[in-house]
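Everything numeric here is computed off the predicted structure, so don't read it as measured data.
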Amino acid sequence: MEGEQPPHSASEAKEEEADKQSSETTTTMMEEEKPAEAPADSANNQTTPDTDTALSQSTATAPPPSTTTATTAATSTTDNNNDRHWDQTNQKVVVRNVLKFLRAKEVTKLTTEWLKGKEHLNIKIIKTKKPPKDNWIKITLEDESMVDPFIQLINTGGVDGKPITNARGGSLFAKRASEDQNNDDNRRKRKDRDGNDNNDNEQHAKKRAAAMKILTTDEVRDAITPLWKLPYEEQLQVKSREMIHKCAMKIIKEIKGKFRLLEQEARRGQRGKCSKIYEWVGERRAIEMEDVVASPRLFEYRNKCEFTCGYRHSKAEKKGEEEVMKLRSKDNGDGDMKSVEDDGAPADAAKEDVAEEGKTIQKTPAAGFLAQGWSGGVYLPHCLQNMPDWSCGLADIFNEFLATSSIPPYDSKVHRGVWRTITLRCSMRTREIMVIVVHAPAGGGVGKRDCGTDDYSTVFESEKQRLVDMLTKDAIPTPSRDFPEGHQKEEEETSGDGLKVTSIFFQEYVGLSNPPPEHPVQHIYGKTCLEERLGKCTFQISPGAFFQTNTQGAEVLYDIVVNRIKEVTTNPQDTLLVDVCCGTGTIGLTCLKEGVVGKLVGVDISEPAIADAVLNATKNGYTDSATTRFVASPAEKVLPDEMKNIPKTCPVVAVVDPARDGLHGIVIRTLRSNERIQRLVYVSCNPTGTLARDAAMLCSPPTKKYPGRPFKPTISQPVDMFPSTKHCEMVMTFDRMSVEEYEQYHGKE
């Protein structure tokens, strides 16, 4: 198979790496995080994994280091000795000047060749580590006695006593990992083993001793809705400049970079003659960016809100020393107060930390936004202009419940507590509200103590019922809002008075992050879904399904998509729309309803969303499987076969609406190689990130990995779906390069 062959060039290696990263991202979304795993790097979740290969030259493996916590000086000494015993630094060798782009199989083959005919040296390799973009390999040997012979073999084992060479004739060089100046593993391990750096401890102590800052309402607005101070016309101008510089110009830069890489490979003889750069790429405004389309609503536009359960911070007068000691005596040692205050309220409802001279920070269980991260506590949504009244009214109910609950909020630092997040969905048009409460197991989360003090299973069911009763007893109360001066309320489509909760779900989740969309939920009250009207269609939305958070903005967005498809469908009734990452089927069914296509195939990774899409097709009058078909699977697994099954005489147009991670490489390859797709409409919620990456792969010259005539962007239309924030949606239209233009650059095939 093509995917199993080693890359023959740097560009193909980069493409291979892009596929791998995209595949890993998809897998991570589908699987729960395991408590035992080390947390991943959080920098955009786009870290490049090292190749870490256990070689077949030896069956010896190293047991994992001890994770037992030291409780006495003697135990600590034993643990340190264990760490030293399993520390393999002295068994490691760094070999430099290897080729950069080597896969795991190639690394194994390379090290096997080094040892071929050298069995008398008794060298056994148990592990290798090869970062994909670096020119070195770290070798772990079975025993320290093998290190010097291995170094000598690399440095003098070549022709006439010279070093062994790489495939291009360059000399390799080996030395102990502990002596390699670019390798800081040893330093980190010694630091971990001997204790934290004293300077780090001092800085940490200073931070903890410093006064805890409580944000003002303006600072909360700055953190959550950073453009709120600007007039709306200026917000649109800011977003327009962002789309030009960080989307359009970034795409052109990526495409030019691919041309340069192909040209370098052609000069090295790794591929045939590279074509000259496409004329449209070199134009002054290669990608025309239209003005940002304004949102129909500027304030209170969200139909979905997610609140985190935690503690709301407020300053209070410092208690006397006796009272503080009394509070501390009730603390169980790590901040969770399990006893009851003198006034009968649960001690969890009011924690105190030293803030500044004469003041303390009082912590009250609440639900809201993490404007400062976990350490800064949660902030109520009432001051934010994009949050509707119904969401703030429900937040008031939750905060009343949490402040009086005997069960504490979840603490993500120690993974204890129960109440985690609250998701609210609302349709003002159908007057329905869905509530989803995510909680840790009542018996205790991942970090529960062995003594059983984190077990709330005896009171959980009664507390859950109390919350349901509070949510469903009356209509949602009208909250007291804290809008900035000069704020003007917009006219609502329908009045928010008398809104009631129509469905409630609970979702137990033991993972360390957030549950995936397909994670099971427990239906507790009311309807099993929420209905929304969008354009001419009615849609059913289940708890885990994706739906645009600005209903009126979504209608504007979908009208643009419909018009882009209408421009190229000369025979709509015979045209098939391939809807990739279709969600609940909103875009595809809207196109069917508007009559711009006659058939629809939708693909999405989320099973709940596809189940909704099937029901939505029936709900909107499409019951024939020959007209609409939806597939629940990762697009990269089924799209190639789906495209093969489409009759060759059927006109095809494609729409993609991926999550922030963008499209998988196999999906891009499938779209490029199927030249019946003359127009591709890309709806992106991450135009400055993954759209730029995907567009470059769609529009670059063909390679073995990405064959077919390339696309080129013809219309770029930003849509403001999130006023007062920096985010913007993008509808970018790609048209296939004509055969004549393609042959001008690449010749006849």
Side-chain angles (χ1 to χ4, degrees), residues 1-28 40 46-62 88 91-119 121 123-142 146 150-151 153-154 157-158 163-174 177 183 185 261 265 268-271 634 636-637 640 664-666 668-669 697 703-707:
M1 292 175 61
E2 180 184 328
E4 295 177 352
Q5 297 300 319
H8 300 289
S9 65
S11 64
E12 290 174 19
K14 285 190 175 183
E15 291 164 358
E16 189 77 26
E17 181 188 345
D19 279 356
K20 181 178 180 183
Q21 288 178 343
S22 182
S23 177
E24 288 173 348
T25 304
T26 303
T27 305
T28 305
Q46 292 179 354
T47 55
T48 305
D50 290 341
T51 302
D52 200 354
T53 312
L55 298 182
S56 59
Q57 285 102 312
S58 171
T59 56
T61 56
Q88 298 176 324
Q91 299 164 229
K92 295 180 178 181
V93 176
V94 174
V95 180
R96 293 196 169 271
N97 205 27
V98 298
L99 299 185
K100 286 186 177 182
F101 300 102
L102 294 176
R103 290 186 288 178
K105 291 181 180 180
E106 295 173 297
V107 171
T108 302
K109 182 179 178 181
L110 181 63
T111 54
T112 302
E113 289 176 354
W114 291 344
L115 299 179
K116 188 176 181 179
K118 304 295 188 296
E119 289 79 5
L121 296 178
I123 296 174
K124 295 182 180 179
I125 298 174
I126 60 174
K127 185 184 289 187
T128 64
K129 179 179 181 179
K130 170 65 177 74
K133 291 186 179 180
D134 288 317
N135 66 345
W136 55 268
I137 302 176
K138 187 183 292 181
I139 308 289
T140 304
L141 301 170
E142 188 180 60
M146 302 175 184
F150 182 76
I151 292 175
L153 170 65
I154 299 297
I164 294 175
T165 59
N166 60 30
R168 296 178 184 169
S171 298
L172 304 182
F173 175 71
N183 176 46
D185 283 0
L261 186 59
E265 291 171 356
R268 292 196 296 262
Q270 294 177 313
R271 66 170 62 247
E636 63 272 15
K637 290 186 177 181
H664 192 282
I666 295 176
I668 293 176
R669 181 170 63 197
M697 288 195 283
T703 63
K704 290 182 179 179
K705 191 71 176 177
Y706 297 107

Go through it in stages, so that I can follow the logic: the residues are T112 and K116, the test is side-chain contact (heavy atoms from CB on, under 4.5 Å), and I'd like the CA-CA distance, side-chain angles, deciding distance and then a yes or no. CA-CA 6 Å; T112 302; K116 188 176 181 179; 5.8 Å; no

What one should report as the nearest heavy-atom pair of L141 and I126 is O-CD1, 3.9 Å

Of all heavy-atom pairs linking V98 and W136, the shortest is CG2-N, 3.7 Å

Rounded to the nearest 0.5 Å, the CZ atom of R268 sits from the CD atom of E265 at a distance of 6.0 Å

Practice prompt. Give a yes or no on whether the backbone of N97 and the side-chain of N166 come within a donor-acceptor separation of less than 3.5 Å.
Written response: yes

Is it true that a side-chain atom of K130 and a backbone atom of K100 form a donor plus acceptor pair closer than 3.5 Å?
yes

In terms of heavy-atom contacts, I151 and A174 come closest through CG2-O, 3.6 Å

task = Taking Q91 for its side chain and T140 for its backbone only, find out whether a donor-acceptor pair lies under 3.5 Å.
result = no

*asked:* For R168 and L99: C-alpha separation, side-chain torsions, deciding distance, then whether side-chain contact (heavy atoms from CB on, under 4.5 Å) applies.
replied: CA-CA 8 Å; R168 296 178 184 169; L99 299 185; 3.9 Å; yes

Value for OG1 (T108) from CG (L110), rounded to nearest 0.5 Å, stands at 9.5 Å

Which of V107, V94, T111 passes side-chain contact (heavy atoms from CB on, under 4.5 Å) with I139? It is T111

In this structure, OG1 of T703 is separated from CZ of R669 (nearest 0.5 Å) by 9.5 Å

To the nearest 0.5 Å, atom CD of E119 lies from atom NZ of K124 at 11.5 Å

| Under a 4.5 Å cut-off applied to non-hydrogen side-chain atoms, are P640 and I666 in contact? | yes

Correct closest heavy-atom pair for K92 and K138 would be CD-CD, 3.9 Å

Interatomic distance, CD@E113 vs CG@L115, rounded to 0.5 Å, equals 10.5 Å

Note: I668 and M697 closest approach over all heavy atoms is CD1-CE, 3.3 Å

Rounded to the nearest 0.5 angstrom, the CD1-CE distance for I125 and M146 is 10.0 Å

Note: W114 and V95 closest approach over all heavy atoms is CH2-CG1, 3.8 Å

